[in-house]
Amino acid sequence: MLSYFVSSSHVPLDETRRRGCPLAHSNPRTGGIPWHGDGVSAVDVDLPFGRKGTRRVHCVQLSVGEFTVEFMFQEVLDLLNGRVHVVDPMGRGHDVFLCNAHGVEAAATAGKASEAGAWMANFPADALVIMRVPVTEPPVIVIPGHSVASLSAWLRKSLDSGQRLRQILFQVIQVFQTHGQAQETIAQTDRRTSVRSHGAVRCCGRMRDE
(Lines give C-alpha, C1' and ligand atoms only; values in the text may rest on other atoms or scores of the structure.)
Protein backbone atom coordinates (compact mmCIF):
# COMPACT_ATOMS: atom_id res chain seq x y z
CA MET A 1 0.00 0.00 0.00
CA LEU A 2 2.78 2.45 0.86
CA SER A 3 4.03 2.35 -2.71
CA TYR A 4 0.91 4.33 -3.64
CA PHE A 5 2.03 7.20 -1.42
CA VAL A 6 5.15 7.95 -3.43
CA SER A 7 4.01 6.94 -6.91
CA SER A 8 3.87 9.74 -9.43
CA SER A 9 1.68 7.84 -11.92
CA HIS A 10 -1.68 8.82 -10.47
CA VAL A 11 -4.45 10.98 -11.86
CA PRO A 12 -4.00 14.77 -11.76
CA LEU A 13 -5.70 16.93 -9.17
CA ASP A 14 -8.58 18.01 -11.41
CA GLU A 15 -9.39 14.38 -12.22
CA THR A 16 -9.11 13.45 -8.54
CA ARG A 17 -11.66 16.14 -7.69
CA ARG A 18 -13.98 14.91 -10.44
CA ARG A 19 -13.74 11.31 -9.24
CA GLY A 20 -14.28 12.53 -5.69
CA CYS A 21 -17.99 13.10 -6.32
CA PRO A 22 -20.39 11.04 -4.17
CA LEU A 23 -20.91 7.47 -5.33
CA ALA A 24 -24.12 6.81 -7.22
CA HIS A 25 -27.14 5.73 -5.22
CA SER A 26 -25.71 6.73 -1.83
CA ASN A 27 -28.52 6.91 0.70
CA PRO A 28 -28.25 9.23 3.72
CA ARG A 29 -29.23 7.35 6.87
CA THR A 30 -32.67 8.16 8.23
CA GLY A 31 -32.42 10.42 11.26
CA GLY A 32 -28.71 10.98 10.70
CA ILE A 33 -27.40 14.33 11.92
CA PRO A 34 -24.47 15.71 9.87
CA TRP A 35 -21.23 16.56 11.67
CA HIS A 36 -19.35 19.81 11.03
CA GLY A 37 -15.71 20.51 11.90
CA ASP A 38 -13.05 23.01 10.81
CA GLY A 39 -13.52 23.13 7.04
CA VAL A 40 -14.89 19.59 6.85
CA SER A 41 -18.27 17.92 7.34
CA ALA A 42 -19.45 14.33 7.60
CA VAL A 43 -22.69 12.42 7.13
CA ASP A 44 -23.79 8.79 7.52
CA VAL A 45 -24.57 7.09 4.21
CA ASP A 46 -25.35 3.59 2.98
CA LEU A 47 -23.49 2.70 -0.20
CA PRO A 48 -23.89 -0.22 -2.63
CA PHE A 49 -21.21 -2.85 -2.11
CA GLY A 50 -20.01 -5.86 -4.09
CA ARG A 51 -20.05 -6.55 -7.81
CA LYS A 52 -23.84 -6.54 -8.09
CA GLY A 53 -24.26 -3.62 -5.69
CA THR A 54 -27.19 -5.31 -3.99
CA ARG A 55 -25.61 -5.16 -0.55
CA ARG A 56 -25.46 -1.88 1.35
CA VAL A 57 -22.60 -0.95 3.64
CA HIS A 58 -22.50 1.75 6.33
CA CYS A 59 -20.07 4.52 5.37
CA VAL A 60 -18.94 7.99 6.39
CA GLN A 61 -18.96 10.62 3.67
CA LEU A 62 -16.45 13.43 4.30
CA SER A 63 -16.85 16.71 2.43
CA VAL A 64 -14.33 19.51 2.03
CA GLY A 65 -15.90 22.19 -0.14
CA GLU A 66 -16.92 20.42 -3.36
CA PHE A 67 -14.62 17.48 -2.67
CA THR A 68 -16.31 14.40 -1.18
CA VAL A 69 -14.98 10.95 -0.34
CA GLU A 70 -16.50 7.94 1.40
CA PHE A 71 -14.88 5.54 3.87
CA MET A 72 -16.29 2.47 5.60
CA PHE A 73 -17.73 3.46 8.96
CA GLN A 74 -16.03 0.66 10.88
CA GLU A 75 -12.64 1.37 9.30
CA VAL A 76 -12.82 5.03 10.35
CA LEU A 77 -13.59 3.87 13.89
CA ASP A 78 -10.61 1.51 13.72
CA LEU A 79 -8.43 4.44 12.61
CA LEU A 80 -9.61 6.56 15.54
CA ASN A 81 -9.01 3.66 17.92
CA GLY A 82 -5.46 3.20 16.62
CA ARG A 83 -6.08 -0.29 15.19
CA VAL A 84 -5.10 0.92 11.71
CA HIS A 85 -3.22 3.99 10.52
CA VAL A 86 -4.46 4.33 6.92
CA VAL A 87 -7.97 3.88 5.49
CA ASP A 88 -8.72 3.38 1.80
CA PRO A 89 -11.67 5.19 0.20
CA MET A 90 -14.73 3.41 -1.13
CA GLY A 91 -15.29 2.92 -4.85
CA ARG A 92 -12.32 4.80 -6.25
CA GLY A 93 -8.64 4.44 -7.09
CA HIS A 94 -5.86 4.95 -4.58
CA ASP A 95 -5.78 8.70 -5.11
CA VAL A 96 -6.57 9.79 -1.52
CA PHE A 97 -6.26 8.19 1.92
CA LEU A 98 -7.46 9.02 5.41
CA CYS A 99 -4.46 8.81 7.75
CA ASN A 100 -3.45 9.45 11.33
CA ALA A 101 0.01 10.62 12.40
CA HIS A 102 1.48 7.09 12.17
CA GLY A 103 0.16 6.78 8.61
CA VAL A 104 1.71 10.12 7.69
CA GLU A 105 5.05 9.04 9.15
CA ALA A 106 4.93 5.80 7.18
CA ALA A 107 4.12 7.69 3.99
CA ALA A 108 6.92 10.20 4.62
CA THR A 109 9.51 7.43 4.99
CA ALA A 110 8.18 5.09 2.28
CA GLY A 111 10.31 6.60 -0.47
CA LYS A 112 13.09 9.12 -0.87
CA ALA A 113 13.17 12.05 1.52
CA SER A 114 12.74 14.39 -1.45
CA GLU A 115 9.41 12.71 -2.26
CA ALA A 116 7.85 13.55 1.10
CA GLY A 117 5.46 16.46 1.25
CA ALA A 118 6.64 19.55 3.10
CA TRP A 119 3.35 19.49 5.03
CA MET A 120 4.47 16.23 6.68
CA ALA A 121 7.37 17.80 8.57
CA ASN A 122 5.55 18.67 11.81
CA PHE A 123 2.30 16.75 11.57
CA PRO A 124 0.26 16.98 14.83
CA ALA A 125 0.07 13.69 16.73
CA ASP A 126 -3.69 13.99 17.32
CA ALA A 127 -4.70 15.10 13.81
CA LEU A 128 -6.12 13.25 10.81
CA VAL A 129 -5.46 14.04 7.17
CA ILE A 130 -7.10 13.33 3.84
CA MET A 131 -3.87 12.76 1.94
CA ARG A 132 -3.45 13.07 -1.81
CA VAL A 133 -1.22 10.87 -3.92
CA PRO A 134 1.55 11.60 -4.63
CA VAL A 135 2.29 12.86 -1.14
CA THR A 136 4.26 15.81 -2.47
CA GLU A 137 0.84 17.33 -3.22
CA PRO A 138 -0.69 19.35 -0.37
CA PRO A 139 -3.34 17.33 1.45
CA VAL A 140 -7.06 17.82 0.88
CA ILE A 141 -7.32 18.85 4.54
CA VAL A 142 -5.63 18.36 7.87
CA ILE A 143 -8.30 17.83 10.53
CA PRO A 144 -7.01 19.27 13.84
CA GLY A 145 -7.15 17.36 17.12
CA HIS A 146 -10.19 19.08 18.59
CA SER A 147 -12.19 18.37 15.42
CA VAL A 148 -10.96 14.76 15.45
CA ALA A 149 -12.26 14.40 19.03
CA SER A 150 -15.61 15.87 17.98
CA LEU A 151 -15.77 13.56 14.93
CA SER A 152 -14.96 10.56 17.12
CA ALA A 153 -17.79 11.44 19.53
CA TRP A 154 -20.20 11.87 16.61
CA LEU A 155 -19.24 8.50 15.12
CA ARG A 156 -19.66 6.69 18.44
CA LYS A 157 -23.05 8.33 18.99
CA SER A 158 -24.11 7.25 15.50
CA LEU A 159 -22.90 3.72 16.25
CA ASP A 160 -24.87 3.64 19.52
CA SER A 161 -27.98 4.91 17.69
CA GLY A 162 -27.58 2.18 15.07
CA GLN A 163 -27.22 -0.50 17.74
CA ARG A 164 -30.34 0.77 19.53
CA LEU A 165 -32.25 0.74 16.24
CA ARG A 166 -31.16 -2.86 15.58
CA GLN A 167 -32.28 -3.84 19.09
CA ILE A 168 -35.69 -2.22 18.52
CA LEU A 169 -36.07 -3.96 15.16
CA PHE A 170 -35.09 -7.28 16.77
CA GLN A 171 -37.70 -6.77 19.48
CA VAL A 172 -40.35 -5.88 16.88
CA ILE A 173 -39.48 -9.03 14.90
CA GLN A 174 -39.75 -11.09 18.08
CA VAL A 175 -43.18 -9.60 18.81
CA PHE A 176 -44.39 -10.44 15.30
CA GLN A 177 -42.93 -13.94 15.53
CA THR A 178 -44.56 -14.48 18.91
CA HIS A 179 -47.83 -13.09 17.58
CA GLY A 180 -47.59 -15.37 14.55
CA GLN A 181 -46.90 -18.40 16.76
CA ALA A 182 -49.86 -17.46 18.96
CA GLN A 183 -52.11 -17.12 15.93
CA GLU A 184 -50.97 -20.51 14.65
CA THR A 185 -51.63 -22.09 18.07
CA ILE A 186 -55.13 -20.58 18.13
CA ALA A 187 -55.77 -21.82 14.59
CA GLN A 188 -54.60 -25.33 15.50
CA THR A 189 -56.79 -25.28 18.61
CA ASP A 190 -59.75 -24.14 16.53
CA ARG A 191 -59.15 -26.94 14.04
CA ARG A 192 -58.92 -29.58 16.78
CA THR A 193 -62.06 -28.21 18.45
CA SER A 194 -63.90 -28.25 15.13
CA VAL A 195 -62.89 -31.85 14.47
CA ARG A 196 -63.98 -32.92 17.94
CA SER A 197 -67.26 -31.07 17.63
CA HIS A 198 -67.94 -32.67 14.26
CA GLY A 199 -67.17 -36.11 15.70
CA ALA A 200 -69.52 -35.51 18.61
CA VAL A 201 -72.32 -34.45 16.27
CA ARG A 202 -71.87 -37.61 14.18
CA CYS A 203 -71.88 -39.77 17.30
CA CYS A 204 -75.11 -38.17 18.57
CA GLY A 205 -76.69 -38.71 15.16
CA ARG A 206 -75.92 -42.42 15.23
CA MET A 207 -77.34 -42.73 18.73
CA ARG A 208 -80.62 -41.15 17.58
CA ASP A 209 -80.80 -43.49 14.61
CA GLU A 210 -80.43 -46.49 16.89
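No hydrogens, no waters, no symmetry mates; every other heavy atom, side chains included, goes into these values.
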Handout entry: V60 side chain reached by L155 side chain, heavy atoms, under 4.5 Å
Key = yes
Exercise for the section: Check for a donor-acceptor pair, side chain of R56 on one end and backbone N or O of D46 on the other, with a separation under 3.5 Å. Expected result: yes
Problem - Over all atoms of both residues, closest heavy-atom pair of A108 and A116 - result: O-CB, 3.8 Å
Handout entry: Test item: S158 side-chain N/O and W154 main-chain N/O as donor-acceptor pair under 3.5 Å
Key = no
Which pairs would a plain distance check flag for residues 141-151, meaning a side-chain donor or acceptor within less than 3.5 Å of a matching protein atom at least two apart in sequence or in another chain?
| from | atom 1 | to | atom 2 | distance (Å) |
| --- | --- | --- | --- | --- |
| H146 | NE2 | D38 | OD2 | 2.8 |
| S147 | OG | D38 | N | 3.4 |
| S150 | OG | W35 | NE1 | 2.8 |

Practice task
Any chance you could measure H102, atom NE2, to H85, atom NE2, to the nearest 0.5 Å?
Solution key: 5.0 Å
Handout entry: Nearest atoms (heavy-atom pairs only) where L47 meets C59
Key = CD1-SG, 3.7 Å
With a cut-off of 3.5 Å and sequence neighbours excluded, list every side-chain donor-acceptor pair involving residues 73-82.
| from | atom 1 | to | atom 2 | distance (Å) |
| --- | --- | --- | --- | --- |
| Q74 | NE2 | D78 | OD1 | 3.2 |
| D78 | OD1 | R83 | NH1 | 3.0 |
| N81 | OD1 | R156 | NH1 | 3.4 |
| N81 | OD1 | R156 | NH2 | 2.8 |
| N81 | ND2 | L77 | O | 3.2 |

Exercise for the section: Not counting sequence neighbours, list each pair that qualifies as a ring-ring contact (aromatic ring centres under 6.0 Å, His included) and has a residue in residues 113-132. Expected result: none
Problem - Minimum side-chain heavy-atom gap R132-V140 below 4.5 Å - result: yes
Practice task
Could you go through the side chain to side chain contact (heavy atoms under 4.5 Å, CB included) check for F97 and I130 one step at a time?
Solution key: CA-CA 6 Å; F97 295 90; I130 301 178; over 6 Å; no
Completion exercise
Applying ring pair (Phe, Tyr, Trp, His ring centres under 6.0 Å) to H36 and not counting sequence neighbours gives none
Handout entry: F67 side chain near L62 side chain, heavy-atom distance below 4.5 Å
Key = no
Exercise for the section: Report yes if the side chains of S41 and P34 come closer than 4.5 Å at any heavy-atom pair, otherwise no. Expected result: no
Exercise for the section: Any chance you could lay out the side chain to side chain contact (heavy atoms under 4.5 Å, CB included) test for V86 and L98, step after step, and finish with the verdict? Expected result: CA-CA 6 Å; V86 180; L98 183 63; over 6 Å; no
Problem - Partner set under side chain to side chain contact (heavy atoms under 4.5 Å, CB included) for P138, not counting sequence neighbours - result: none
Handout entry: Any donor-acceptor pair under 3.5 Å from E115 side chain to K112 backbone
Key = yes
Exercise for the section: Give the intermediate values and the outcome of side chain to side chain contact (heavy atoms under 4.5 Å, CB included) for residues V87 and M72. Expected result: CA-CA 8 Å; V87 177; M72 280 192 178; 6.0 Å; no
Fill in the blank from the handout: Shortest non-hydrogen pair, P124 vs A101, comes out as O-CB, 3.8 Å
Fill in the blank from the handout: Note: M120 and A107 closest approach over all heavy atoms is CE-CB, 3.9 Å
